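See structure below.
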Amino acid sequence: MPRLTKMQSLPGFRDIYPEDFQIRRYLLDTWRRVARSYGFREYDAPTLESSAIYEKKNSGGEILSQLYRFTDRGDRDVSLRPEMTPSLARMVAASSNRYRKPIKWFSIANFFRYERQQKGRLREFLQLNCDIFGDSSPAADAELLALTIDILRAFGLGKDDFVLRLSDRNAWLLFLEQNNCPPELAGDFLSVVDKMEREKPEETEEKLRPFGVDLSAVQKFIATDGDGAFAPILDDLAARGLRDFVGPDLGIVRGLAYYTGVVFEVFDRKRQFRAVAGGGRYDHLVKSLSDGNSDLPAIGMGMGDVVLTHFLQSSPTASEKMQSALASDRDCEVFVVVADETKRPDALGLITRLRENGIRADFSFGPAKVGKQFGSAESLGATHAVVVGSEWPEVRVKTLASREEIAVQQDALADLLKNDHSVRP
RNA sequence: GUGGCCGUAGUUCAAUGGUAGAGCGCCAGAUUGUGGUUCUGGUUGUUGCGGGUUCGAGUCCCGUCGGUCACCCCA
């Protein structure tokens, strides 16, 4: 708005109002709950990092040009984190002796990328990161994939809503070897494969020329679905009842430089959105970031809040589930109506006891008509109103939805409400 | 970084180049200890910002900022 022109949030950044934060809380709670159910432990890392940690050998790709990068007052070249993996790899490298393997960690953090915003992409966003260190087996791969799938299931999404497209960079390296293409060209080659899906065949054909590989060979290879290379992972997931959520797809390679083996991306079945989640194996990154002092295989995944939110809202079952979660997430559970101003001190004491019992209680700061106070209770979404008046120490407890009202001694109120499931479903 | 569309009250939107409006919301009332409905009254704008054309610009033109979508790219 006019007078606020200079105070607007920066492009691509969001002000999160309480209504929006409710949605965010739902996302975060679900992420955290499922990750912890898998035995993952939560951690965090600095928002600001030395830019060096994102240099080509570590992240590579476009991410370098999208850094929020500047020189700090100590003349250090620093960047706001665009992803978590390098920081995490460093943390793990520095403490790898301290933890029993496998290390299973997750974080929920904000990230920054300087790019023009569009659907599903902002300059600051939240991302869930889940990683497993110290185990390079298909069992570890499957565990991480299962977690990714179960998180989406926890939001009410099913196998008809999304698919996890599973690929493996090692399969491509083998392919290149068989086609007599030098391994040092692998990175550039994979980036061509990465873009195939969005490009005209003729363009891809042209881009493949320097590698001495023709398009039909690539297409044929993708059509093999890895020739059973994914069997151990798929069998594992089948035993968990999650096989239907995964589709082998060698067309996925991902853009980051550090991926080494399994890579994957999750898409909505209708293909309305960008990848909802993605990840892969990065078995050499810990070693690289610790100058060889530590060496642990790793696999991880990331899931951002922006695309996920769009996705959830587009799915009837998921949005219904979210709505019902939001409805039960009350900002105020009990509203205390002060019907007699001389009893205000008693009401304040009562409110304190309610709050001590973990009940979200609110009231009007100054004298107000009882009807108006009930209006406040209503608009705040309280399930109950407690009327404090001349009957003190007896109070009246009214269930707003049913309009039922009972009298109760004030010292019994907190226990009564705490155990009332209509207050806290 | 390139391009399309958009920018009017807190919000959603309206206004053949001629006095800026409506719904919702918000506030106050309908004989003062009971709410969602209803009724009555009230509230708000340098039309994103800056220039230009014109007797006159919310409307046309240019610039700029912001939003949105696509391209680039996708970690």
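Since the structure is predicted, the reported quantities are computational estimates derived from the model, not experimental observations. Chain naming here is simple, since letters A, B, ... match the order of the sequence lines and numbering starts at 1 in each.
A straight line from CG of L380(A) to C1' of G36(B) spans 13 Å, rounded to a whole angstrom. Remark: C1' of G4(B) and CD of Q117(A) are 16 Å apart, rounded to the nearest angstrom. In this structure, F125(A) places its CZ atom 10 Å from C1' of C74(B), rounding to the nearest Å. When rounded to the nearest whole Å, the span between CD of E405(A) and P of G35(B) equals 11 Å. Rounded to whole angstrom, the span from the CZ atom of F374(A) across to the P atom of G33(B) amounts to 12 Å. Here U68(B) presents its P atom at 13 Å from CD of E115(A), a figure rounded to the nearest Å. Atom CG in D340(A) sits about 14 Å away from atom P in U34(B), given to the nearest Å. Separating the CZ atom of F363(A) from the C1' atom of G35(B) is a distance of 19 Å, rounded to the nearest angstrom.
Residue-level contact check: Q127(A) touches neither bases nor backbone, having no heavy atom under 4.0 Å from any strand. Using a 4.0 Å heavy-atom distance criterion, K372(A) is classed as a sugar-phosphate-only contact. Across all strands shown, F112(A) has no heavy atoms under 4.0 Å from either base or sugar-phosphate atoms. Residue-level contact check: G381(A) touches neither bases nor backbone, having no heavy atom under 4.0 Å from any strand. S390(A) comes within contact range of at least one nucleobase, with a heavy-atom separation under 4.0 Å. Contact annotation for R254(A): backbone-only contact, meaning every heavy-atom pair under 4.0 Å involves sugar-phosphate atoms and none involves a base.
Comparing the P positions of U46(B) and G41(B) gives an interatomic distance of 27 Å, to the nearest angstrom. Taking atom C1' on both nucleotides, U2(B) is separated from U43(B) by 45 Å, rounded to a whole Å. On the P atoms, U8(B) is 8 Å away from U12(B), given to the nearest whole Å. Here, G21(B) and C60(B) have their C1' atoms 23 Å apart, quoted to the whole Å. Of the C1' atoms belonging to C49(B) and U37(B), the separation is 44 Å, rounded to the nearest Å. Straight-line distance between the P atoms of U31(B) and U16(B): roughly 44 Å, to the nearest whole Å. Distance noted for atom P between C69(B) and G17(B): 30 Å (whole Å). U53(B) and A14(B): their P atoms are spaced 30 Å apart (whole Å).
Residue Q373(A) places no side-chain N or O under 4.0 Å from the OP1 or OP2 atom of U34(B). Proximity of K369(A) to the phosphate of G33(B): no side-chain N or O atom is located under 4.0 Å from OP1 or OP2. Residue Q118(A) places none of its side-chain N or O atoms closer than 4.0 Å to OP1 or OP2 of C69(B).
Applying the Watson-Crick and G-U wobble criteria (two distances, each under 3.5 Å), A15(B) pairs with nothing in any strand. Base pairing of U59(B): no nucleotide in any strand meets the Watson-Crick or G-U wobble criterion (both distances under 3.5 Å). Using the Watson-Crick or G-U wobble rule with both distances under 3.5 Å, A28(B) pairs with U40(B). In this structure A20(B) sits in no base pair that meets the Watson-Crick or G-U test at under 3.5 Å. C71(B): Watson-Crick or G-U partner is G1(B), with both key distances under 3.5 Å.
Comparing atom distances between the K195(A) side chain and each of C73(B), G67(B), G36(B) picks out C73(B) as nearest. With C73(B), U2(B), U34(B) as the choices, the nucleotide that has an atom nearest any side-chain atom of R116(A) turns out to be U2(B). Nearest nucleotide to the side chain of A339(A), out of C69(B), U34(B), G33(B): G33(B).
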Could you tabulate the donor-acceptor pairs under 3.5 Å formed by side-chain atoms of residues 169-176 of chain A, not counting sequence neighbours?
unit_1  : atom_1 : unit_2  : atom_2 : d
R169(A) : NE     : V253(A) : O      : 3.0
R169(A) : NH1    : L256(A) : O      : 3.3
R169(A) : NH1    : Y259(A) : O      : 3.2
R169(A) : NH2    : V253(A) : O      : 2.9
R169(A) : NH2    : R254(A) : O      : 2.5
R169(A) : NH2    : L256(A) : O      : 3.0
W172(A) : NE1    : L250(A) : O      : 2.9

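Contact of the E177(A) side chain with the P183(A) side chain is not registered, since no non-hydrogen atoms from C-beta on lie closer than 4.5 Å. In this structure, R281(A) and L144(A) have side chains that are not in contact, with every pair of non-hydrogen atoms separated by 4.5 Å or more.
Residues Y114(A) and E391(A) both approach RNA chain B. Their nearest nucleotides, taken by heavy-atom distance, put Y114(A) toward the 5′ side. Nearer the 5' end of RNA chain B, as judged by each residue's closest nucleotide, is the contact made by K398(A), out of K398(A) and V253(A).
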Pair Y54(A)-S79(A), side chain to side chain donor-acceptor pair (under 3.5 Å): steps then yes or no: CA-CA 9 Å; Y54(A) 306 116; S79(A) 296; over 6 Å; no

K104(A) and E143(A): CA distance, side-chain angles, deciding distance, salt bridge (Lys or Arg N to Asp or Glu O under 4.0 Å) verdict: CA-CA 10 Å; K104(A) 295 159 68 172; E143(A) 172 84 341; 2.9 Å; yes

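Using a 4.0 Å cutoff on non-hydrogen atoms, no part of residues 343-353 of chain A comes near RNA chain B.
Not less than 6.0 angstrom separates the ring centroid of F267(A) from the ring centroid of F162(A). Between F155(A) and F311(A), the ring center distance fails the sub-6.0 Å criterion. Aromatic pair W31(A)/F40(A): ring centres not closer than 6.0 Å.
A cation-pi geometry, defined here as NZ or CZ lying under 6.0 Å from the six-membered ring centre and within 45° of its normal, does not hold between R123(A) and F13(A).
When atom types are taken as modelled, the side chain of S167(A) and the backbone of I252(A) share a donor-acceptor pair closer than 3.5 angstrom.
For C73(B), its base sits under 3.5 Å from the side chain of R121(A) at one donor and acceptor pair at least. Under 3.5 Å, the side chain of R403(A) and the base of G35(B) form at least one donor-acceptor pair of N or O atoms.
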